[in-house]
Q: 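Before we start, here is the structure in question, set down as structure tokens.
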Amino acid sequence: MQGTKDGQMSTHLPAATITGPQTVLFATAVGIIVTNLFAPQTLVGLIGPSFGVDAAGFGLVAMATLLGYAAGLFFLVPLADLAENRALILRMLIAAAMAAGIATLAPTANALLIVLFVLGAACSAIQILVPIAASMAPPGQDGRVIGDVMSGLMVGILLARPLASLVADAWGWRAFYGLSAASLILLACVLAVSLPRRLPAARTSYGALIASLLGLLRDEPMLRRRALTAALVMAAFSLFWTAVALRLAQSPFDLGQRGIALFALAGAGGAAVTPLFGRAGDRGWTRSATIACHLVLIGAMALSAWAGSAVAATGWVPIALMGVSAVLLDIGVTGDQTLGRRAINLLQPKARGRLNGLFVGIFFIGGATGSMLAGIAWAWNGWPAVCSVGAAFGLAALLVDWIGGPE
């Protein structure tokens, strides 16, 4: 036992290989937690007016949780390389449940932004769960396990918007955060008895761990490249989903919260391809699959611009095309992030927590930037401006692919 106290155990503390039920548990957990990060994207049309916020400020509501999440990844997730992981995850889930509960009572927009920032930071527990799953994968199957867990993450991301819309339509936007608080408490209880213990091998201080983040970023070109492309595609993703609710509320769509919820369900189909990208990485197709993802993203933004250009009732075609563009966008983003996460988890096993924190923190900064720009682009020139900015992010990701060369 003394070896355990001194931090001598390997990061692969669970001796057993990950099982099917454990994979489902990890996927379900990350899916539940991540809903808090993306629900504000579809609720901005309700939250903003309830506090008197104008259209240009709508993006700040969606940005708050994403920015908090990035902060958590930089300053909380590195603790996974220092502290026992199960206890750390449970504490973060309790903090997230408390923040969600407080959000139901937020009296002002500024108070809500602060609470959502804290909620986002606590939800970074996701990026402690994913490395635990990866550490339990059989040799050579890291990509499969990560892809399977990521499918739960992507389903959570994609279902967050329709779930939030349906709850808000029935009981108001504050009710969503009450439901979230209850779900997080229940999840914490389940994980307390189901999650394996994991003690990291690192023997250092928290300050040294944080300082080491810059060293990892400097020494790992793969980390820099994959984090940059992930940030660019995440910016396009957040931009689209923050603004699309505003466009769908206008003619010729004229959708209410229930209609927007049903539309958001269309994007959930993109999560089905997540495991395929993990397997593509295992077969050595990372570069070609990544380029394909970025091309799909650009095509999705072009299609959504065309679909959104309709101004009069023209049947079901515009909404169908908009739905197809949402699915294509989600496929492009899911593929890039799954391939990137696989590459990052293969770099330095002993620094897995910090590497994941850096990678996901950087791409969520991209997501927060996209959410912020959604409000600005919408106020500037509406849907065409939103799609143009999104396509520009995709082109920038392709440029990184070209400059970086083979992986």
Side-chain angles (χ1 to χ4, degrees), residues 23-47 61-62 65-66 69 93 96-97 100 103 116 119-120 123 125-127 129-130 147-184 186-187 190 234 237-238 240-245 248 255-277 300 319 322-335 337-338 360 364 367 371:
T23 302
V24 172
L25 172 64
F26 281 112
T28 302
V30 299
I32 291 172
I33 298 169
V34 81
T35 58
N36 295 282
L37 302 181
F38 294 93
Q41 292 178 349
T42 196
L43 296 178
V44 292
L46 298 176
I47 295 176
V61 176
T65 48
L66 300 181
Y69 188 67
L93 287 179
L116 292 183
L119 175 60
C123 286
I126 292 169
Q127 300 308 325
L129 285 164
V130 174
D148 290 343
V149 174
M150 280 291 290
S151 65
L153 181 72
M154 290 309 300
V155 167
I157 291 174
L158 299 173
L159 292 184
R161 290 176 289 270
L163 174 63
S165 292
L166 290 173
V167 172
D169 181 69
W171 301 293
W173 65 265
R174 294 178 186 270
F176 169 79
Y177 288 104
L179 177 63
S180 174
S183 300
L184 290 167
L186 179 61
L187 178 62
V190 172
M234 191 64 178
F237 180 89
S238 296
F240 176 91
W241 283 107
T242 300
V244 74
L248 293 176
L255 299 184
Q257 285 298 311
R258 291 186 183 180
I260 293 172
L262 292 175
F263 174 84
L265 281 173
V273 303
T274 304
L276 300 180
F277 285 108
I319 189 66
M322 191 72 86
V324 171
S325 69
V327 172
L328 292 175
L329 173 66
D330 292 337
I331 288 174
V333 175
T334 297
Q337 294 185 3
T338 301
V360 185
F364 265 89
S371 291

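In this chain, residues are counted from 1 in sequence order.
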Q: Can you spot which of Thr334, Thr338, Val30 makes a side-chain contact (heavy atoms from CB on, under 4.5 Å) with Leu153?
A: Val30
Q: For Phe263 and Trp241, take the angle between the two ring planes, folded into 0 to 90°, and tell me which bin it lands in: parallel under 30, tilted 30 to 60, perpendicular over 60.
A: tilted
Q: Check whether any side-chain heavy atom of Asp330 sits under 4.5 Å from a side-chain heavy atom of Val327, and report yes or no.
A: no
Q: Looking only at heavy atoms, what is the nearest atom pair of Gly156 and Val34, with distance?
A: C-CG1, 3.5 Å
Q: What distance separates Leu179 CG from Leu184 CG, expressed to the nearest 0.5 Å?
A: 9.5 Å
Q: So, do Tyr69 and Val360 sit near enough that their side-chain heavy atoms are less than 4.5 Å apart?
A: yes
Q: If I take atom CZ from residue Phe38 and atom CG from residue Leu159, how far apart are they, to the nearest 0.5 angstrom?
A: 12.5 Å
Q: Would you check, one step at a time, whether the test side chain to side chain donor-acceptor pair (under 3.5 Å) holds for Ser180 with Asn36?
A: CA-CA 7 Å; Ser180 174; Asn36 295 282; 2.3 Å; yes
Q: Using the side-chain contact (heavy atoms from CB on, under 4.5 Å) rule, take Ile260 and Asp169 through it: C-alpha gap first, then chi angles, then the decisive distance, then the call.
A: CA-CA 10 Å; Ile260 293 172; Asp169 181 69; over 6 Å; no
Q: How long is the gap from CD on Gln257 to CG on Leu166, to the nearest 0.5 Å?
A: 9.0 Å
Q: Rounded to the nearest 0.5 Å, how far does CD1 of Ile319 lie from CG of Leu248?
A: 5.0 Å
Q: Of all the heavy-atom pairs spanning Leu43 and Ala168, show the shortest one and how long it is.
A: CD2-CB, 3.6 Å
Q: How far does CZ of Phe26 sit from CD1 of Ile126, to the nearest 0.5 angstrom?
A: 13.5 Å
Q: Is there a donor-acceptor pair closer than 3.5 Å between any side-chain N or O of Thr65 and the backbone N or O of Leu37?
A: yes
Q: Can you name the closest pair of heavy atoms from Ser183 and Ile32 and give their distance?
A: CB-CG2, 4.3 Å
Q: Between Ala100 and Tyr177, what is the shortest heavy-atom contact and its length?
A: O-CB, 3.4 Å
Q: Looking only at non-hydrogen atoms, find the nearest pair between Ala300 and Leu329 and report the distance.
A: CB-N, 3.5 Å
Q: Rounded to the nearest 0.5 Å, what separation is found between the OG atom of Ser371 and the CG atom of Leu66?
A: 4.5 Å
